[in-house]
Amino acid sequence: MKIKRNDQPQRIVFHPAAAAPVPAEAVPRQGGPLRILGRGLAVLGVVLLSLVILLLGVIVVVCKGPSPTARDLFVTSVTETSAMDFLARICFTQSEVDEILARNAVVADGSVTQLSGFEQSDKDVPKDTIELVDVSGPTFKGKMLIVHDPSRVKVAAAPEFSSSANGRTVEEFVEEEGAIAGINAGGFVDTGGAGTGGLPIGLVIKDGELLYGDLNSSSSIVGFDQNDVLVVGTLTGQECLDRGIRDAVSFGPAFIVDGQAMEVTGSGGGLNPRTVLGQRADGAVLMLVIDGRQPHSLGATYKDCIDVMLEYGAVNAGNLDGGSSTILLYDGEVRNVCASLYGPRNLPTAFIVK
């Protein structure tokens, strides 16, 4: 008997329902946590790189574009920041930056306050009155504190001045001095925007004593003499002591001297946060802070600050340290928007209202 062989392959039908269950841990994974993290970082890197390229493109267009006004405004604005001043040198050499700054500045004429007293006194307002008012302009918003008794405005200083020391916040100055208000005052060493506020620039005078600075070196100063007259201009430490300056710091430029506003060329100072100290003919002190680098307030130029001071009757006014240092504390509250990403900065000095 012959057996017929079937050489065709057999079909095997697989029924899923009859298959044995597969343990969950045996199923291969699509990617572990590290792979997911790596992909996320890669996406973030691409986004950041795109933003940097876009920013560089905008800077090049502004700096090399057809508008000299936009170019000068950009350069003057970023060079007043300690952390971002390098942006101006992306398209320009340092000498070119210096030329732009020279064309957009306060024209210094060497004037120094000569007034020796106050012309009038507003008898309708009690001398201990303090007013807080809003100020604004096309590109800025800010606050003006009007202190009718100039003898109440004094310098507060950190207990130690050195590159390794930490300064104080304005809030700490106000609390330590038992004051009602305070604003930031003089400049300080702030390399890369990472300064600790421990080392002033120029001089510091408190209660008639030269706490910091050189007797023979000239500095642009803002301060009060023994008659409570605001003095602005360039003086040496010895000249300050000879004039009886009781409280002063170094910064500038002077904005208004003996009723004469200084000339400003171009976009002097660019758009930045500002702190300005002024005084009216009746002795009232004007403490101005302007927000900047914010959606609601880009900032103010030197000319903007002079115009605000003139509007409020200033006969003397000087620029104080601004930027991320700009802050006004009054009656226990910060009254402006600080531009610092890390909160109020440590500073070597402040002007306080006792």
Side-chain angles (χ1 to χ4, degrees), residues 77 80-84 130-137 140-147 152-158 166-190 193-201 204 222-223 247 249-252 255 269 271-278 285-300 302 304-305 308-309 317-354:
S77 296
E80 284 209 351
T81 69
S82 299
M84 304 296 286
I130 298 177
E131 304 172 65
L132 181 66
V133 297
D134 294 326
V135 299
S136 63
F140 65 87
K141 295 183 183 297
K143 299 287 186 181
M144 176 81 79
L145 194 71
I146 305 173
V147 183
R152 299 177 66 182
V153 183
K154 303 177 182 297
V155 164
N166 288 323
R168 296 284 193 270
T169 65
V170 169
E171 182 177 7
E172 289 171 335
F173 279 129
V174 167
E175 183 177 344
E176 291 171 0
E177 294 277 352
I180 184 69
I183 58 174
N184 60 294
F188 59 97
V189 176
D190 190 27
T196 61
L199 191 62
I201 294 175
V204 177
V222 181
D247 290 277
V249 298
S250 286
F251 214 77
F255 282 159
L271 297 177
N272 279 298
R274 302 288 177 192
T275 306
V276 185
L277 192 67
V285 177
L286 307 173
M287 308 176 86
L288 172 67
V289 295
I290 291 177
D291 293 342
R293 305 169 194 165
Q294 307 286 334
H296 75 283
S297 180
L298 297 178
Y302 290 159
D304 292 329
C305 295
V308 172
M309 279 288 165
N319 187 44
L320 295 174
D321 189 16
S324 58
S325 299
T326 290
I327 193 167
L328 165 64
L329 188 84
Y330 174 56
D331 200 18
E333 296 182 31
V334 174
R335 300 293 181 156
N336 69 307
V337 180
C338 180
S340 172
L341 297 176
Y342 309 104
R345 302 198 64 185
N346 288 330
L347 311 167
T349 56
F351 276 108
I352 57 169
V353 182
K354 297 283 279 188

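Using a 4.0 Å cut-off between charged nitrogen and carboxylate oxygen, Arg345 and Asp190 count as a salt-bridge pair. With salt bridges taken as basic N to acidic carboxylate O contacts below 4.0 Å, none links Arg168 and Glu175.
A donor-acceptor pair under 3.5 Å links the side-chain atoms of Ser77 to the main chain of Leu271, judged by distance alone. At distances below 3.5 Å, not a single donor-acceptor pair connects side-chain atoms of Arg293 with backbone N or O atoms of Ala339. Lys143 places no side-chain N or O within donor-acceptor distance of the main-chain N or O of Leu132, the cut-off being under 3.5 Å. The backbone N or O of Val155 lies less than 3.5 Å from a partner atom in the side chain of Asp247, making a donor-acceptor pair. Checked by atom type and distance alone, the side chain of Asn184 never pairs as donor or acceptor with a backbone atom of Thr275 at under 3.5 Å.
In the displayed structure, Glu171 atom CD is contacted under 6.0 Å by at most 12 heavy atoms of other residues, nucleotides or ligands. By the neighbour-count criterion of 12 heavy atoms within 6.0 Å, atom NZ of Lys141 is sparsely surrounded, having that number or fewer from other residues, nucleotides or ligands.
There is no side-chain donor-acceptor pair under 3.5 Å between Asp291 and Ser297.
Annotation: the span from Phe173 atom CZ to Glu176 atom CD amounts to 7.0 Å, rounded to 0.5 Å.
The closest side-chain heavy-atom distance from Asn272 to Arg274 is below 4.5 Å.
Here the rule is side chain to side chain contact (heavy atoms under 4.5 Å, CB included) with Phe188, and of Asp321, Val249, Thr349, Asn346 only Asp321 fits it.
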